[in-house]
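Numbers for residues simply follow the sequence, beginning at 1. Model, not experiment: these values are computed from the prediction.
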Amino acid sequence: MKQYAHQVSGMLYIHSAPTALRAHIEWAADAAVTLPMGLGWQRQPVDGSWRVETHWQGDAEAAAGLVSTLATWGRLRLEVTVDPSPCGTGHRWSVTPELGIFSADTNEIGDVVVDENRLRQAMVRARSQGEPLETEIADLLGEPWDVELEPFRACDPDLDVSWLGSQVG
């Protein structure tokens with residue numbers, strides 16, 4: 001079992017992965033973190049790809065490295081979370097092929113935490129670029145990534161969701 005100076009834990013959510021990358025994902029995850037429950041792949045009803053949800057333990061920097069590695073393959077939709085530490089701060093990385101990587105601190109219930117400086121910077125960018133402030137805030141909170149991932153998060157093979165039936169091939 002891997003030993004790290006500062007153990008943390010979290011969740012690895014692969015929302016959509018092609019069959020050809022499953023072995024590569026397993027190798028990369030095993031090299032970076034400890035997966036106490038392993039990877040139990042399930043068929044993703046949205047697009048016929050594969051999904052997995054599992055706990056991980058290890059070092060937060062190793063988890064960040066895993067996210068970077070998986071994101072470079074460009075064909076995965078995934079999230080990696082770090083559980084909140086005793087002081088109450090966690091972390092989340094979201095990855096989609098279209099949007100790349102979103103990284104943010106989270107609170108004890110997983111909501112993105114935005115500090116005052118980041119909010120002020122978003123306001124300045126919005127004013128200087130003539131963009132609506134809502135666009136900058138959405139980027140700050142990771143809403144574009146959330147919207148992109150939501151159909152994949154919601155797809156439980158046991159759910160009877162009518163709009164999924166027409167997409168399952």
Side-chain angles (χ1 to χ4, degrees), residues 1-114 138-159 161 164 167-168:
M1 185 172 203
K2 298 176 183 74
Q3 295 295 318
Y4 297 98
H6 181 65
Q7 289 278 317
V8 294
S9 63
M11 292 293 294
L12 168 64
Y13 304 96
I14 304 289
H15 296 298
S16 177
T19 302
L21 289 179
R22 284 177 45 188
H24 299 290
I25 293 165
E26 290 175 8
W27 175 84
D30 188 51
V33 296
T34 300
L35 303 170
M37 299 173 66
L39 296 178
W41 293 99
Q42 297 177 331
R43 195 63 131 157
Q44 172 63 277
V46 170
D47 63 356
S49 64
W50 294 89
R51 65 181 284 130
V52 69
E53 179 178 319
T54 190
H55 291 277
W56 67 269
Q57 296 173 335
D59 181 76
E61 287 182 26
L66 174 63
V67 169
S68 294
T69 298
L70 297 178
T72 61
W73 297 339
R75 297 172 57 203
L76 304 173
R77 288 175 173 77
L78 65 108
E79 293 176 277
V80 175
T81 65
V82 175
D83 294 335
S85 63
C87 65
T89 303
H91 201 81
R92 178 182 92 192
W93 293 274
S94 300
V95 177
T96 72
E98 298 82 4
L99 299 170
I101 300 174
F102 172 75
S103 176
D105 288 335
T106 58
N107 63 15
E108 62 279 350
I109 60 171
D111 292 335
V112 172
V113 175
V114 178
D139 288 343
L140 223 91
L141 297 176
E143 288 177 14
W145 284 261
D146 291 341
V147 167
E148 181 68 32
L149 288 168
E150 201 54 45
F152 296 91
R153 287 184 186 135
C155 288
D156 179 341
D158 297 328
L159 290 177
V161 181
L164 287 178
Q167 296 184 20
V168 176

Non-hydrogen atoms of [X] and [Y] that approach each other most closely:
| X | Y | result |
| --- | --- | --- |
| Gly38 | Thr54 | O-OG1, 2.9 Å |
| Thr106 | Gly110 | CG2-O, 3.6 Å |
| Leu66 | Ala32 | CB-CB, 3.9 Å |
| Ala138 | Pro144 | O-CD, 3.2 Å |

Task: Pairs touching residues 97-106 that satisfy salt bridge (charged side-chain N to carboxylate O under 4.0 Å, His left out), sequence neighbours left out - done: Arg77-Glu98

For [X], give me all partners under side chain to side chain donor-acceptor pair (under 3.5 Å), at least two apart in sequence or on another chain.
| X | value |
| --- | --- |
| Trp145 | none |
| Asp146 | Arg92, Arg153 |
| Asp111 | none |
| Ser16 | Asp47, Ser49 |

- [ ] Please step through side-chain hydrogen bond (donor to acceptor under 3.5 Å, both in side chains) for the pair His91 and Thr81, ending with a clear verdict.
- [x] CA-CA 6 Å; His91 201 81; Thr81 65; over 6 Å; no

Open item on the list: Regarding His15 and Gln44, do their side chains bring together a donor and an acceptor under 3.5 Å, going by distance alone?
Closed with: no

Task: Polar contact flag, side-chain donor to acceptor under 3.5 angstrom, Ser9-His55 - done: no

Task: Trace of the side-chain contact (heavy atoms from CB on, under 4.5 Å) decision for Arg43 with Thr19 - done: CA-CA 10 Å; Arg43 195 63 131 157; Thr19 302; 4.0 Å; yes

Apply side-chain contact (heavy atoms from CB on, under 4.5 Å) to [X] and list each qualifying residue two or more places apart in sequence or on a separate chain.
| X | result |
| --- | --- |
| Ala71 | Val95, Ile101 |
| Glu108 | Pro84 |
| Val147 | none |
| Trp41 | Ile14, Ala17, Arg22, Ile25, Glu26, Leu39, Trp50, Val52 |

Under a 4.5 Å cut-off applied to non-hydrogen side-chain atoms, are [X] and [Y] in contact?
| X | Y | value |
| --- | --- | --- |
| Ser94 | Glu79 | yes |
| Leu76 | His24 | no |
| Leu12 | Glu53 | no |

Open item on the list: Does Val114 form a side-chain contact (heavy atoms from CB on, under 4.5 Å) with Leu141? I'd like the steps, not just the answer.
Closed with: CA-CA 7 Å; Val114 178; Leu141 297 176; 3.4 Å; yes

TODO: May I ask you to check whether over 12 heavy atoms, not counting those of Glu150, lie within 6.0 Å of atom CD?
DONE: yes

- [ ] Decide side-chain contact (heavy atoms from CB on, under 4.5 Å) for Trp93 and Leu78; before the verdict, give the C-alpha distance in whole Å, the side-chain angles of both, and the deciding distance to 0.1 Å.
- [x] CA-CA 8 Å; Trp93 293 274; Leu78 65 108; over 6 Å; no

Open item on the list: Run the ring pair (Phe, Tyr, Trp, His ring centres under 6.0 Å) test against Trp56 and tell me which residues pass, sequence neighbours left out.
Closed with: none

- [ ] Could you give me the CA-CA distance, side-chain angles and deciding distance for Trp73 and Leu21, then say whether side-chain contact (heavy atoms from CB on, under 4.5 Å) is met?
- [x] CA-CA 9 Å; Trp73 297 339; Leu21 289 179; 4.3 Å; yes

- [ ] Check for a donor-acceptor pair, side chain of Thr89 on one end and backbone N or O of Ser85 on the other, with a separation under 3.5 Å.
- [x] no

